[in-house]
Amino acid sequence: MDFMLMSFLLCPFFITITSGQDTVCSRPELGANIAVDGLQKYFNPGAMLALSCEQGHTAVLGPRTIVCTASGHWTKSRLMCIPKLCPPPDHLANGEVYYENTVYQSLINYTCHEGYILTGAVSGVCQANGTWSTRVPECKPVSCGLAPIPQFGMIIYDKTIRGNTTQYGITGTYKCLPPYAVVGSARAECTASGTWTETPKCQVVTCPPPGNIDNGYKSSDIQRQYDYMEAVKYGCHGDYVLEGSLQIVCEKNGNWSEMPSCKRPCSVGIQRGRILYRGEKVWIENLKPKKVLHKEIVSLYCKDQFRNCGHAVTTQCVDGTLIIPGCFEEPSSVSYTLHSHELPSEIEPC
Ligand SMILES: *[C@@H]1O[C@H](CO)[C@@H](O)[C@H](O)[C@H]1NC(C)=O
Ligand SMILES: *[C@@H]1O[C@H](CO)[C@@H](O)[C@H](O)[C@H]1NC(C)=O
Ligand SMILES: *[C@@H]1O[C@H](CO)[C@@H](O)[C@H](O)[C@H]1NC(C)=O
Ligand SMILES: *[C@@H]1O[C@H](CO)[C@@H](O)[C@H](O)[C@H]1NC(C)=O
């Protein structure tokens, strides 16, 4: 109304035109984010309206005023209101920044990597004046303090520790002074929650007297309890071969480590023939004693009838059993004594 009054005072000509007509402008339809003051619905020709941008938006192009013309239409305005942009946020060391956009009202979230604690704001929003509502927070490493030590025990850290704080991810191994053994997990770690993994206990551990092995002997025959980490050695009699570990150790669970065993030698089950043994060709009657040891490899000779040549076929002694290859043919006494040069072991090798 003030405006109309002003028009009346300044421009009498204007009044004369409008007074003769009923034409008015209805409230203008405006582009996105453009605002006008007041709630007035109809305007007389000559009325001027100031356009502005809604908050968080910046005006581009112009003009920023429109006028109601005599024909009841508003003059054109190319005014556009574009949302304000916040600056790209700073990088967050040891954490992540999440945002989809940097326009007015965009949300921004911050998280820290595992083992880091966030100090500051967790989230923020791009404000009307183009600034973020919160500063980028800090991600500080979690700290655990020194690991608790069990009685009769100690911890060996995998890295040198300075002072009395340890950071997330620091690891170590617990040891107990014998005869105490670590009961629980020997490995320790400063976890993401700032606490150490469970502390094991150091307990006295004993093992029962160790057992005997067939065809063998042990280094100690005393019937007593053995301490944690104590060891007993084993050996085999004669031609028996020890398989497994040479000694057993009293373990932290009060059991012995796995016992070895003594494996039997094998006899070579042929009467006549020549074998390849320990890199030499040996006539079987010259093999003394007439046996090979567990795990040893022996080759026998077979004949390739088609090509008329001889080839070696290997077999292995396994705990008293030596399988003679199926292709081996034992010669008769006559051919063995009189025609030994025709045996597969003597003819041209394949
Ligand atoms: C920020 O976190 C809120 C709540 O967890 C979620 O709704 C929003 O989508 C997140 N915003 C972004 C940009 O990740
Ligand atoms: C931006 O707006 C916020 C909230 O109104 C205010 O706290 C802050 O000081 C403003 N920043 C600038 C640079 O004007
Ligand atoms: C860490 O060591 C300092 C200096 O030796 C001592 O004053 C402080 O109490 C210790 N803090 C903890 C948690 O043990
Ligand atoms: C110790 O050995 C016994 C007998 O072999 C077995 O039953 C037991 O589970 C073992 N104990 C542990 C802790 O391994």
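Note that ligands are numbered from 1 as they come in the structure, with each ligand's atoms numbered from 1 the same way.
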Nearest to atom 9 (O) of ligand 4, what protein heavy atom do you find, and at what distance?
Asn255 ND2, 4.8 Å

Start with the C-alpha distance between Tyr217 and His237, add both sets of side-chain angles, then the distance that settles ring-ring contact (aromatic ring centres under 6.0 Å, His included), and finish with yes or no.
CA-CA 7 Å; Tyr217 52 88; His237 296 307; 5.4 Å; yes

Under 4.0 Å and counting heavy atoms only, is there anything from the protein next to atom 2 (O) of ligand 4?
yes

If you count every heavy atom of other residues, nucleotides or ligands that lies below 6.0 Å from Asn129 atom CG, does the total exceed 12?
yes

Going by the order shown, which atoms of ligand 2 are within less than 4.0 Å of some heavy atom of Asn129?
1 (C), 2 (O), 3 (C), 8 (C), 10 (C), 11 (N), 12 (C), 14 (O)

Let me confirm one number: the SG-NZ distance from Cys207 to Lys252, rounded to the nearest 0.5 Å.
13.0 Å

In the protein, what heavy atom is nearest to atom 4 (C) of ligand 2, and what distance, to one decimal place, separates them?
Gln127 OE1, 3.3 Å

Electrostatic pair Arg264-Asp214, nearest N-O below 4.0 angstrom
no

Pair Glu348 + Arg307: basic N to acidic O under 4.0 Å:
no

Which residue owns the protein heavy atom closest to atom 13 (C) of ligand 2, what's the atom, and how far is it?
Thr131 CG2, 4.0 Å

Parallel, tilted or perpendicular: which describes the rings of Tyr157 and Trp196, with under 30° parallel and over 60° perpendicular?
tilted

Starting from atom 14 (O) of ligand 4, which protein heavy atom do you reach first, and at what distance in Å?
Asn253 ND2, 3.2 Å

My question is simple, although I want it checked carefully: is atom 7 (O) of ligand 2 less than 4.0 angstrom from any protein heavy atom?
no

